[in-house]
Amino acid sequence: MIYLSLFGGMECGRIALDLMGESVTKYYSSEIDKYAIAEVKTNYPDVIQLGDITQWRTWLIDWWDIELVFGGSPCQGFSFAGKQLAFDDPRSVLFFVYIDILNHVKSMRKIVYNLDVDFMLENVKMKKQSLAVITDYMGVNGTFINSSLVSAQNRQRWYWSNWDISQPTDRELYLVDILESNPLSFTLMSDTFVKRQKGRSCLRDDFSGKAVSLSAMEYVKNGRQGDYIKCGHYSYRKLTVIECCRLMGVPDDYFKVSSNTQAYKMLGNGWQIDTIIHILKERLTSDISKNIDIS
């Protein structure tokens with residue numbers, strides 16, 4: 001299979017394929033964050049880095065051979081956690097670049113092979129107006145999945161694809177299931193300190209529920225966002241990078257060259273891997289296939 005990953009980040013798509021045992025003939029990735037690129041190069045040196053997505057017309061790649069296009073365009077403008085500027089946010093406008101690239105791949109595959117291409121887009125829970133615009137351009141209805149079904153984290157996302165996606169089976173995983181028994185190091189903070197910080201924080205002394213959704217700002221600034229779990233009578237600690245990896249379905253040892261700050265950021269921006277594996281497995285059994293002649 002030949003894949004094109006747009007807004008690739010830490011390449012959760014490639015991680016999912018790897019965990020599925022899927023064969024990867026060629027994997028193209030478009031990303032500009034130097035820290036994410038460095039981590040991907042360390043874990044998957046065969047990934048072909050294409051750089052800035054807005055320069056896609058300069059990419060010298062075999063467009064007609066691409067069999068699956070997937071990506072999650074920047075969500076800050078759509079997220080209920082942000083300012084909800086929608087398409088007035090320049091980052092959200094990059095969705096239309098995704099559409100341009102997808103249409104180009106479609107046209108090239110039709111010309112060369114008379115075949116279609118599979119695609120998937122991920123984005124956050126958003127207002128109905130923005131949802132309708134994305135659905136119209138994608139040409140398919142989205143599927144809403146909360147990754148709490150397959151992980152210990154509440155993570156509500158929309159997925160658009162040209163194959164049917166069902167809801168995953170509930171694995172009944174909770175925060176207690178992913179905590180490290182003896183984390184090597186962490187910073188203790190008092191409940192009073194965390195409560196004083198601006199933004200959203202969640203002090204947890206009961207681990208039997210789900211974690212809140214990770215964000216790109218997770219723990220970048222003390223007290224900003226995320227779960228702070230009880231560690232002592234009046235003290236709390238952050239979730240460790242490994243614990244956040246487990247919430248996202250990422251292997252514990254994935255981060256090899258990144259600082260904790262960059263790792264938290266990448267995880268917050270990433271896909272929940274178990275959800276992506278479920279979606280990609282649905283593709284393998286779907287009647288809609290890239291091998292269908294579209295004449």
Side-chain angles (χ1 to χ4, degrees), residues 7-16 19 31 33 35-36 39-40 71-82 91 122-126 144-159 168 171 173-180 183 186-187 189 194 197-204 207-230 236-255 258-279:
F7 317 102
M10 60 181 283
E11 277 312 335
C12 292
R14 181 59 187 271
I15 297 171
L19 293 175
E31 178 54 54
D33 184 276
Y35 301 106
E39 198 63 67
V40 172
S73 57
C75 63
Q76 291 89 343
F78 301 120
S79 174
F80 284 108
R91 293 167 295 187
E122 176 263 11
N123 219 302
V124 296
K125 187 178 181 181
M126 63 186 72
F144 185 74
I145 298 176
N146 188 341
S147 291
S148 64
L149 291 170
V150 294
S151 72
Q153 174 193 187
N154 275 303
R155 196 173 187 82
Q156 302 178 79
R157 295 292 187 269
W158 282 96
Y159 302 89
R171 297 181 185 174
L173 296 171
Y174 302 98
L175 186 57
V176 66
D177 298 316
I178 62 89
L179 295 179
E180 291 190 81
F186 51 81
T187 302
M189 290 163 287
V194 176
Q197 307 310 303
K198 295 179 180 179
R200 175 172 59 90
S201 60
C202 183
L203 299 182
R204 303 287 294 263
F207 311 140
S208 62
K210 300 285 186 177
V212 297
S213 182
L214 300 184
S215 77
M217 285 299 294
E218 203 75 22
Y219 311 130
V220 172
K221 296 181 180 178
N222 285 339
R224 282 297 300 269
Q225 298 182 9
D227 284 300
Y228 288 77
I229 64 176
K230 195 165 188 178
Y236 289 78
R237 69 168 176 85
K238 306 172 183 180
L239 292 178
T240 66
V241 169
I242 286 178
E243 289 164 344
C244 290
C245 281
R246 292 173 182 176
L247 290 178
M248 296 297 288
V250 174
D252 286 1
D253 61 351
Y254 183 78
F255 292 102
S258 300
S259 67
N260 283 351
T261 295
Q262 294 302 325
Y264 283 128
K265 180 180 177 182
M266 288 180 225
L267 288 164
N269 279 330
W271 289 342
Q272 207 292 321
I273 303 295
D274 303 279
T275 307
I276 300 303
I277 288 175
H278 168 76
I279 290 171

Legend entry - Qualifying residues under side chain to side chain contact (heavy atoms under 4.5 Å, CB included), relative to N146, sequence neighbours excluded: S148, N154, Q156

Inset, instruction - List for me each residue that meets salt bridge (Lys or Arg N to Asp or Glu O under 4.0 Å) alongside E11, sequence neighbours excluded, and say none if there are none. - result: none

Legend entry - CG on D274 to NE2 on H278, rounded to 0.5 Å: 11.0 Å

Legend entry - K210 side chain to S151 backbone, donor-acceptor under 3.5 Å: yes

Inset, instruction - State the CG-NZ distance between L214 and K265, to the nearest 0.5 angstrom. - result: 15.0 Å

Legend entry - Any residue meeting side chain to side chain donor-acceptor pair (under 3.5 Å) with R155, in chain and number order, not counting sequence neighbours: Q153, S213

Legend entry - ring pair (Phe, Tyr, Trp, His ring centres under 6.0 Å) partners for F144, two or more places apart: W158

Inset, instruction - Could you pull out all residues at least two apart from A263 that satisfy side chain to side chain contact (heavy atoms under 4.5 Å, CB included)? - result: V241, F255

Inset, instruction - Look up atom CD1 in I242 and atom CD in E180, then write down how far apart they are to the nearest 0.5 Å. - result: 4.0 Å

Legend entry - salt bridge (Lys or Arg N to Asp or Glu O under 4.0 Å) partners for E31, two or more places apart: none

Legend entry - Pairing residues for E39 by the side chain to side chain donor-acceptor pair (under 3.5 Å) criterion, not counting sequence neighbours: N43, S258

Legend entry - Any donor-acceptor N/O pair, Y228 side chain to M189 backbone, under 3.5 Å: no

Legend entry - Straight-line distance of D252 CG to R246 CZ, nearest 0.5 Å: 4.0 Å

Inset, instruction - Write down the atom of I178, the atom of A152, and the distance for their closest heavy-atom approach. - result: CG2-CB, 4.2 Å

Inset, instruction - Walk me through it: do Y174 and S208 pass the test side-chain contact (heavy atoms from CB on, under 4.5 Å)? - result: CA-CA 6 Å; Y174 302 98; S208 62; 5.7 Å; no

Inset, instruction - For Q262 and S259, indicate whether the former's side chain and the latter's backbone hold a donor-acceptor pair under 3.5 Å. - result: no

Inset, instruction - To the nearest 0.5 Å, tell me how far Y254 OH sits from M10 CE. - result: 5.0 Å

Legend entry - Closest approach of V40 to G9 (non-hydrogen atoms, all atoms of both residues): CG2-O, 3.5 Å

Legend entry - Contacts of type side chain to side chain donor-acceptor pair (under 3.5 Å), residue D177, not counting sequence neighbours: none

Inset, instruction - Identify, with sequence neighbours excluded, every residue that meets side chain to side chain contact (heavy atoms under 4.5 Å, CB included) alongside T275. - result: I145, S147, V150, Y159, Q272, I279

Legend entry - Closest approach of C244 to L239 (non-hydrogen atoms, all atoms of both residues): SG-CB, 3.9 Å

Inset, instruction - Identify the two heavy atoms, one from G270 and one from C12, that lie closest to each other, and give their separation to 0.1 Å. - result: CA-SG, 4.0 Å

Legend entry - E243 to K238 - nearest heavy-atom pair and separation: OE1-O, 4.4 Å

Legend entry - side chain to side chain contact (heavy atoms under 4.5 Å, CB included) involving F207 - partner list, sequence neighbours excluded: L175, V176, L179, R204, I229

Inset, instruction - Measure the spacing between CD1 of I277 and CG of L19 and express it to the nearest 0.5 Å. - result: 5.0 Å

Inset, instruction - Work out which heavy atom in D33 is nearest to a heavy atom in Y35; give both atom names and the distance. - result: OD1-N, 3.0 Å

